[in-house]
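Basis for what follows: all heavy atoms, side chains included, without hydrogens, waters or symmetry-related copies. Per chain, numbering begins at 1; letters A, B, ... match sequence-line order.
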Protein chains: 2
Amino acid sequence: MLPAARHQAIVDTVQRERVVRVSDLAQQLGVSLMTVRRDIELLEESGKVERIHGGAKLPGGATTHEPGFELKSTQFPAEKRSIAVEAAGMVHEGMAVGLSAGTTTWALAQELVKGPRITVVTNSVRIADLFHQGAAAGAPFGSTVILIGGERTPSDALVGPIATAALKQLHLDLLFLGVHGMDPDAGFTTPNLLEAETDRAFVAASRKLVVLADHTKWGTQGMSTIAALEEADEVISDAGLSADARRILEESVSRLRIAGQP
Amino acid sequence: MLPAARHQAIVDTVQRERVVRVSDLAQQLGVSLMTVRRDIELLEESGKVERIHGGAKLPGGATTHEPGFELKSTQFPAEKRSIAVEAAGMVHEGMAVGLSAGTTTWALAQELVKGPRITVVTNSVRIADLFHQGAAAGAPFGSTVILIGGERTPSDALVGPIATAALKQLHLDLLFLGVHGMDPDAGFTTPNLLEAETDRAFVAASRKLVVLADHTKWGTQGMSTIAALEEADEVISDAGLSADARRILEESVSRLRIAGQP
DNA sequence: CCTGGTGTCGTGCGGCGGGGAGCATTGAAA
DNA sequence: TTTCAATGCTCCCCGCCGCACGACACCAGG
C-alpha cells in the first residue's frame with residue numbers, strides 16, 4: 001500500500017463517514033496506528049481532513065451538533081457487531097435483502113460485503129457506499145446494490161414519497177430493520193416521521209422481517225411507530241437484554257435471537 | 001519495447017490505477033527498476049504523472065475516488081466551469097431543477113450550491129453529496145435535494161427501472177443534461193445504455209431541456225441516444241465549438257449559448 | 001470539584017525498502 | 001569500426017514504518 005493511495009483512502013473514508021477513528025482506519029488499511037496518525041497529520045496540514053481526538057473528521061465544523069450518527073456508531077461496537085454477525089448468518093447467495101438506514105444495519109452491511117453475492121436494497125447512502133467501494137476494491141463479482149431514492153435526512157437516509165413508491169415495486173426475501181426504540185406498547189419506533197413511513201414501506205415489501213436492536217433499545221419509545229412487536233418474524237438482540245424483555249419478546253415475536261448464543 | 005510505448009503504458013496505467021508502484025511497473029513492462037524511475041522522471045517533467053515515494057500517481061490533488069471521473073473532471077476545467085456559470089444564471093429561486101449525472105452537471109452543481117434555494121432532482125450520488133455537505137456547512141436554509149434511486153453505475157449514477165419509475169412521478173421546470181457525445185446524426189448520446197434510459201426519463205419529466213456539452217463532445221457518438229438535437233430547448237457549449245457545429249446546432253436547437261458570450 | 005481508569009497521542013529508535021550516482025554493457029546508427 | 005544513447009547493476013543514503021515508552025485527554029464515579 002503506497003502512501004498516496006493510503007491518503008486517498010483516508011480522505012475518501014472521511015468524506016463518506018464524516019468521522020472515522022484512527023483504530024478503524026489502521027485495521028482497514030492494514031497499517032499501524034502510528035502510520036495513520038502521521039497520515040492524518042499530513043492531511044490536516046493540506047486541509048483535507050480535520051484532526052480530532054481518536055480520529056479525523058471532514059473539515060469545517062457543523063458535524064459536532066449532528067444528530068449523533070457517529071456517536072452512536074461507536075457506542076456499543078461489540079454488541080452491534082455480534083448482532084451483525086448473527087444476522088449475516090441468515091443471508092444466503094442470491095437473496096434479495098433489504099437494509100433500513102441506521103448504525104446497526106450499517107454494521108451488518110460491513111459483514112455482508114464480505115459475504116455471498118446478493119441483491120441489497122437500501123435507503124441509506126452510507127450503506128450503498130459501503131458496497132460500492134467494497135465491490136471496487138474486493139471481489140470482481142460483488143453484490144448488486146439498489147439505492148432507494150428520496151430526500152435526505154440528516155442521518156443520510158433517503159425518505160419521502162419517492163422512496164415509498166419505489167419500495168412498492170419491490171419484493172424482498174428478507175428485511176433487516178434497525179430501530180431506535182422497542183417497547184411492548186409502542187412497538188418498534190423511530191423519532192423521525194419520514195423515516196418511519198419509509199420503513200413501513202420496507203416492511204410491506206418484505207416477506208420476512210428481522211429487527212436488529214441492541215438491549216439499550218428496549219423501553220425506548222420513538223415518536224413514530226414502524227410496526228408492532230408481533231409483526232416481526234425475528235428480533236436479534238444482545239446478551240444485555242433483561243429477562244423481562246426476553247419474556248415479552250418471546251411471546252410476541254416468532255423468534256428471539258440473542259447474538260453469540262445458540 | 002520502445003521507450004515511447006513504455007511511457008504511454010505508464011501513463012495509461014497511472015490514469016487507470018491512479019497510483020502505481022515502481023516495482024509493479026518494472027515487472028509488468030519487463031524492464032528494470034531504474035528504467036521505470038527514469039521514465040517517471042521524464043514524465044514528471046512533462047507533467048503527465050506525479051512522482052511519489054515508491055511509485056507515481058496522477059498529477060493534481062486527487063479528491064475523488066473514481067478514476068474515470070477524476071480524469072475527466074480535470075480535463076477541461078475552464079470550459080466546464082464557464083458552461084456551469086452560464087447555466088447557473090438560468091436558475092431562479094424556487095425552481096425544480098433536474099441534474100443528470102456527469103462531470104459538467106457536477107460543475108454546475110458546485111455553482112448551484114452557492115445560489116438561491118431550489119429543489120434539485122438528480123440521479124448522481126456525487127451531486128447529492130455536494131448539496132448535502134453544502135447545506136450542512138453553509139447556509140441554514142439550503143436547497144432541497146431529491147436523489148433518484150436505482151442501481152449504481154461505475155460513475156456513481158443511479159439507473160434502472162427504479163430510477164425511471166421515480167422520474168415518472170416528477171415534473172421539473174428545467175433539466176440540465178450532461179452528455180458524452182453530440183452529433184447531427186446520432187443526437188445526444190452516452191456510452192451507457194442504462195444511463196441513457198434514465199436520462200430519457202429525465203427528459204420526459206422536464207418542461208425544458210438544456211444540454212450542457214463542451215466543444216469536445218461535438219462529433220462524438222455514444223452507443224445509446226438520449227435525444228435528438230431538436231429535442232433540446234437550449235444547448236450551452238464553449239467558445240471552442242467549430243463554426244460548422246454552431247451552424248448545425250443553431251438550426252436544430254431553439255437556442256445555442258456559448259459560455260462567456262452574450 | 002476532585003480523582004482514578006482507560007484509551008489516545010507524541011517521541012525516539014531500529015529495520016527495511018526505495019531512490020540516486022556512477023559505471024559497464026548492449027545495440028543501433030553513422 | 002566508431003560512437004552514442006539507452007539500459008541495467010551496485011553501493012550508499014534517505015525516507016517510511018512499526019514498536020515501546022511516557023504524557024495527556026476524556027469519562028465516570030465519589
Side-chain angles (χ1 to χ4, degrees), chain A residues 1-11 13-14 17-59 61 63-66 68-82 103 107 214-216 240, chain B residues 1-11 13-14 17-59 61-62:
Chain A
M1 173 72 87
L2 259 56
R6 223 177 36 234
H7 295 167
Q8 191 59 46
I10 291 175
V11 172
T13 308
V14 168
E17 313 284 341
R18 318 196 71 140
V19 178
V20 284
R21 46 178 54 229
V22 173
S23 52
D24 289 346
L25 284 172
Q27 189 180 358
Q28 185 185 328
L29 299 170
V31 295
S32 78
L33 298 170
M34 275 318 304
T35 304
V36 174
R37 286 201 197 96
R38 282 190 272 248
D39 287 343
I40 292 177
E41 193 176 359
L42 284 176
L43 291 171
E44 188 182 36
E45 282 174 18
S46 59
K48 304 280 182 58
V49 304
E50 191 173 328
R51 197 153 52 144
I52 56 175
H53 191 83
K57 71 182 185 74
L58 48 79
T63 44
T64 48
H65 56 278
E66 276 282 322
F69 190 98
E70 53 279 357
L71 266 177
K72 279 195 289 185
S73 73
T74 56
Q75 209 159 16
F76 294 97
E79 283 87 344
K80 279 201 199 310
R81 194 179 154 79
S82 65
T103 53
D214 63 70
H215 71 275
T216 64
Chain B
M1 168 78 72
L2 262 56
R6 215 177 44 230
H7 294 169
Q8 191 55 46
I10 291 175
V11 172
T13 308
V14 168
E17 309 281 336
R18 219 187 43 203
V19 286
V20 285
R21 55 176 67 227
V22 173
S23 51
D24 289 347
L25 284 171
Q27 191 179 357
Q28 184 185 328
L29 300 170
V31 295
S32 77
L33 297 170
M34 276 316 302
T35 305
V36 175
R37 287 201 198 97
R38 282 190 271 251
D39 288 343
I40 292 176
E41 194 175 1
L42 286 175
L43 291 171
E44 188 183 35
E45 284 172 16
S46 60
K48 303 282 183 57
V49 303
E50 190 175 329
R51 198 156 49 147
I52 58 173
H53 192 86
K57 71 182 187 76
L58 49 79

Review point. Closer to the 5' end of DNA chain D via nearest nucleotide, is it A:Gly30 or B:Val36?
Key: B:Val36
Revision key, fill the gap. In this structure, NE2 of A:His53 is separated from CZ of A:Arg21 (nearest 0.5 Å) by 9.5 Å
Practice item. In whole angstrom, give the distance that lies between atom CD of A:Gln27 and atom P of C:dG7. Key: 15 Å
**Study point:** Heavy-atom pair of closest approach, residues B:Pro59 and B:Gly47
**Key:** CG-O, 3.6 Å
Study note, to complete from the structure: Under a 4.0 Å heavy-atom criterion, the protein footprint on nucleotides 13-30 of chain C, written with B, S and -, is -----SBSB---------
Practice item. Let me know the distance between CZ of B:Arg6 and P of D:dA6, rounded to the nearest Å. Key: 10 Å
Point to revise | Contact summary for A:Gly240 and A:His215, nearest pair of heavy atoms | key: C-CB, 3.4 Å
Check your understanding: What's the shortest heavy-atom distance between B:Leu33 and B:Ser23, and which atoms?
Key -> CD2-CA, 3.6 Å
Practice item. Give the minimum heavy-atom separation between B:Ala9 and B:Leu29, together with the two atoms involved. Key: CB-CD2, 3.9 Å
Using atom types as modelled, flag every donor-acceptor pair under 3.5 Å from a side chain in residues 37-44 of chain B to any protein atom, sequence neighbours excluded.
unit_1	atom_1	unit_2	atom_2	d
B:Asp39	OD1	B:Arg6	NH2	3.0
B:Asp39	OD1	B:His7	NE2	2.9
B:Asp39	OD2	B:Arg6	NE	2.6
B:Asp39	OD2	B:Arg6	NH2	3.0
B:Glu44	OE1	B:Arg51	NE	3.3
B:Glu44	OE2	B:Arg51	N	3.4

Study note, to complete from the structure: Students should find that the end-to-end axis angle of the helix from C:dC1-D:dG30 to C:dA30-D:dT1, with five pairs defining each axis and rounding to 10 degrees, is 40°
Review point. For the side-chain contact (heavy atoms from CB on, under 4.5 Å) test, which of B:Thr13, B:Leu58, B:Val14 pairs with B:Val49?
Key: B:Val14
Practice item. Provide, to the nearest angstrom, the distance between the CG atom belonging to A:Asp39 and the P atom belonging to C:dG10. Key: 13 Å
Study note, to complete from the structure: Between the CD atom in A:Gln28 and the CD1 atom in A:Ile10, the distance rounded to the nearest 0.5 Å is 9.5 Å
